[in-house]
Amino acid sequence: MVPSFDLPPQYEPGEVERRWSQQWERARSFEARVNAPAQPYVIVMPPPNVTAVLHMGHGLTCVIQDVLIRCARMRGREALYLPGTDHAGIATQNVVERQLAEEGKTRFDLGRDAFVERVWAFVRQTGSTIIEQLKIIGCSCDWTRARFTLDAEYSRAVREVFVRLWEAGLIYRGHRVIHWCSRCRTALSDEEAEFEEETGQLYYIRYPVDGGSTLTVATTRPETMLGDTAVAVHPDDARYRGLVGKTVRLPIVGLAIPIIADRTVDPAFGTGAVKVTPAHDANDFEIGARHDLGTPLILTEEGRLGEPAGGAGRVPPDLRGLDRFAARERIVARLGEAGLLAKVEPHRHAVRHCYRCDTVVEPRLSDQWFVAMKPLAEPALAAEQDGVIRLVPDRWTSTYREWLTNIRDWNISRQLWWGHRIPVYTCGQGHTWAARETPRDCPNCGATEITQDPDVLDTWFSSWLWPFATLGWPSRTDDLARFYPGDTLVTAPDILFFWVTRMIMAGTYCFPTGPLQDRVPFHTVYLHGVVRDTAHRKMSKSLGNGIDPLVVVERFGADALRWTCVANTALGQDVILDPADLETTFAPGRNFANKLWNIGRFVLAQLPAAPDAVDSGALTLADRWILSRLQTTIREVTTSFEQFRLDEGAKRCYDFVWKELADWYVEAVKPRLGQGELERRSPEQDAARWVLARCFDAALRLLHPVVPFITEELWQRLPGRTPGALLAVAPWPEPDLSFEDPVAEGRFDRVRQAIEKIRALRADYRVPPNARLAATVVTRGSDDPSAFTGERETIQRLAHLGSLTFDGESRKLGAHATFGDGSEVFVALEGAIDLGQECGRLSTERARLDAQLTGLAAKLANPNFVARAPAEVVARERTKEREWQVQRDVLDAKLKALGCS
RNA sequence: GGGCGAAUAGCUCAGUUGGUUCAGAGCGCCUGCCUUACACGCAGGAAGUCGGGGGUUCGAAUCCCUCUUCGCCCACCA
């Protein structure tokens with residue numbers, strides 16, 4: 001038996017993970033130091049909504065960020081992973097409003113102050129939920145720097161930016177048609193009104209022309225006809241040329257409205273005549289402006305029909321107060337009765353919906369605050385074009401450019417109560433100004449009776465300052481000087497426009513001087529994929545196809561969750577997980593953790609006796625092989641992580657640990673180490689223990705960013721740890737060139753192949769596992785046959801042989817392997833083997849090999865190939881041909897030995 | 001209407017600049033194994049005309065064209 005140790009044979013993540021979360025926090029391992037000499041590396045976390053409960057989307061993005069930040073930290077950078085939460089105006093207000101609704105109240109029953117206080121109470125109560133959950137999955141954030149977008153200091157930054165933009169003339173009051181959510185009762189930005197493809201109806205309505213005939217218009221929203229102020233046709237449309245200038249009677253309303261000509265009308269759509277509703281359609285507003293039409297507002301903020309101000313009698317009393325969709329039915333019915341409904345046809349079109357509550361958004365004329373975006377977009381465009389900002393994968397750059405080039409002004413006012421109140425004030429004299437501090441009197445006329453704009457700012461007007469408002473801007477704090485600009489921004493592409501581009505704009509705007517690379521908030525944007533289910537639908541609560549990360553942590557461990565996230569996220573590709581089969585989805589990570597655990601159990605049992613150094617002369621072939629593989633692994637993992645190919649890096653570690661270290665090195669080294677005789681020390685045993693320690697230590701370091709908990713737990717148990725030292729801040733391994741040994745790799749590969757051949761033979765010939773056969777390994781042409789004789793014990797053990805001899809000449813029935821340098825290994829099993837069934841199989845194999853050889857011969861006979869292909873390719877093909885010929889000989893020998901014809 | 005992504009083993013996916021790790025991994029499946037770290041394991045194995053078609057090339061999963069099927073983003077067509 002190996003020496004007793006206290007580790008159970010199965011890894012139990014729960015207790016270990018809880019313990020290390022606490023230890024790391026207690027050790028303040030993730031707190032970035034302002035005075036540290038090292039170069040900083042900064043990632044700001046996209047702040048989750050303060051009401052959020054952790055879902056796989058957060059999980060994926062934060063795990064990716066955490067891998068990068070942990071890697072940077074181990075590589076000696078002063079790493080800052082800055083967390084926080086977003087007040088999420090509409091989303092949070094909606095949550096609290098729903099709570100109120102359950103009590104039968106609305107926010108208006110409470111009044112503004114009481115409502116806002118209620119939201120605060122809710123936020124204070126639940127606001128740290130997601131923060132705690134992020135700790136559970138191992139995010140190595142600097143929690144002391146956690147920020148909330150409504151913190152007092154943060155609010156100061158928001159006001160500062162607003163006032164600066166105001167003073168620069170970039171904020172203006174716009175009277176225009178905006179997207180209105182009648183459920184949230186607020187305006188939305190273009191980005192917040194999301195298109196959804198729907199099949200609706202296209203209604204053809206006859207408008208009677210004064211003086212006879214009718215003009216038919218097509219509309220998808222017939223209820224808005226009450227707000228029509230004209231009917232427009234294209235000026236060149238021959239069908240309607242005679243009608244322009246006349247008037248039509250607006251059905252139901254009875255008002256006379258003009259027929260006008262406007263070039264924006266598409267004669268090919270519908271009837272070529274379009275009703276013009278300037279107050280409820282952005283296009284129509286433009287047309288109305290050109291033709292000096294009125295803008296009667298016939299839909300209320302609640303989305304109900306309502307008589308416009310001025311009372312032109314547009315909305316009949318019996319329709320007033322009717323919801324817009326009910327009104328649509330009623331009006332269509334009434335048009336039908338009046339014989340004015342020409343036809344209705346199904347119509348596929350994109351309808352805008354509120355991104356928070358999915359309600360169909362209504363275009364509605366109103367007064368809102370806008371930011372002029374063109375001047376802000378220019379430096380952001382330049383940043384990408386000058387290479388100061390890089391998007392990964394780079395296919396996003398075209399999307400980025402296109403959006404910034406065609407950018408439209410940003411409606412930043414929201415008719416909500418929860419958020420940053422717009423710092424615009426008005427006095428009785430009508431003076432309007434923006435102020436950093438709440439003013440006592442009007443700076444223009446000294447009037448003391450002043451009112452503040454009732455609206456709040458778009459949530460994103462605070463989030464776009466995240467990379468520097470969190471560091472204390474506009475104050476010139478040490479944090480700001482040290483940690484701005486940051487390095488990498490990691491997020492899913494769905495908030496590229498909401499957030500990423502705007503952060504870049506805010507960065508360059510708020511840091512107006514210096515070279516561009518000192519102004520932009522980060523130099524790399526890594527846009528990873530979206531978490532989807534097996535039907536490739538985005539995981540969402542509403543679809544019910546989500547996976548609760550905490551359930552996964554409970555069942556499989558946080559490391560398993562992280563493993564699945566990382567191993568499945570190819571560069572920028574979506575991550576497909578199966579919510580119906582958590583076992584299949586997360587078991588690989590758990591199993592790998594368990595494998596690591598058990599390698600640890602084996603290694604730790606040996607290590608009390610591990611020497612600090614070893615004489616390189618004592619290293620066996622296997623030692624030199626695994627050490628060489630380790631150097632390769634270190635190099636590959638490092639570059640993979642640098643290039644955001646996290647899956648590749650993780651899998652490379654996996655293969656090293658499992659396929660190389662555990663499957664081969666540990667097995668090869670067992671006979672040398674003997675059974676639990678730690679006192680026994682030979683140079684070879686010392687070497688093995690030293691190599692084990694070195695490889696395992698390095699593997700734990702490489703894996704730590706991905707699976708921090710188990711690696712920390714195991715690493716702590718390695719001997720020689722100074723108290724308080726943590727893997728989380730231990731140095732990243734560097735490849736050691738002196739251990740790179742391609743010759744040893746090649747030789748050990750031969751040993752492996754010899755063993756695999758013997759194993760395959762045993763399985764093929766159904767040799768009982770306990771049968772200790774004798775085998776002969778025939779080596780020919782090898783540069784050093786002692787490579788095999790030196791590994792006699794390894795081969796015997798791993799191939800379950802009773803005895804093993806080496807032979808340079810004889811060729812018997814067995815397995816054959818050749819190598820690139822022309823050397824060969826032939827393995828002959830000696831013992832009773834039932835070969836009766838083998839003839840057919842061997843003949844088929846022989847036939848296939850013949851066919852392949854014919855094809856290869858043709859290729860080699862092709863003068864084009866020989867002339868044009870690189871020399872080493874031709875040589876490789878020739879080698880292959882020789883190998884195949886040898887294989888054919890072997891097959892022939894086998895067939896002959898079996899007595900097959 | 002424009003742009004982008006995906007299509008590779010039964011399932012979920014890798015495959016970076018065409019050529020020695022190019023036909024791979026995990027899961028599942030088949031055959032044996034509790035072999036002194038691990039059955040969340042070990043050994044062996046079956047399995048794919050790399051979506052269809054055309055082209056470039058000595059050589060294509062990889063580059064070009066085209067078609068099909070999914071998915072996403074953007075767009076003022078009522």
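Keep in mind that this is a model prediction, so the values were computed, not measured. Throughout, a chain's letter reflects where its sequence line sits, starting with A, and its residues are numbered from 1.
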Roughly how many Å is it from [atom1] in [X] to [atom2] in [N], rounded to a whole number?
X: A:Asp574; N: B:rA7; atom1: CG; atom2: P; result: 12 Å
X: A:Glu667; N: B:rU36; atom1: CD; atom2: P; result: 10 Å
X: A:Gln10; N: B:rC40; atom1: CD; atom2: P; result: 6 Å
X: A:Phe592; N: B:rC27; atom1: CZ; atom2: C1'; result: 17 Å
X: A:Glu583; N: B:rU12; atom1: CD; atom2: C1'; result: 15 Å
X: A:Met539; N: B:rG71; atom1: CE; atom2: P; result: 17 Å

- line: Any strand, both distances under 3.5 Å, Watson-Crick or G-U wobble: B:rC76 pairs with none
- line: Paired to B:rA23 by Watson-Crick or G-U wobble criteria (both distances under 3.5 Å) is none
query: Is A:Asp655 salt-bridged to A:Arg652, cutoff N-O under 4.0 Å?
result: no
query: Charged N to carboxylate O below 4.0 Å: is that the case for A:Arg629 and A:Glu636?
result: no
5' priority, RNA chain B, between A:Gln643 and A:Glu402 [closest heavy atom]: A:Gln643
message: For A:Ser398 and A:Leu661, find the nucleotide of RNA chain B closest to each by heavy atoms; which residue's nucleotide sits nearer the 5' end?
response: A:Ser398
A:Arg348 and A:Thr199: side chain donor to acceptor below 3.5 Å: yes
query: Should the ring pair A:Phe592 and A:Trp563 be called parallel, tilted or perpendicular, given that the plane angle runs from 0 to 90° and is split at 30 and 60?
result: tilted
- request: Indicate, with a heavy-atom threshold strictly under 4.0 Å, whether A:Arg652 touches base, sugar-phosphate, or nothing.
  value: nothing
message: Check this one for me: any side-chain N or O of A:Arg401 less than 4.0 Å away from OP1 or OP2 of B:rG3?
response: no
query: OP1 or OP2 of B:rC72 sitting under 4.0 Å from any side-chain N/O of A:Arg532?
result: no
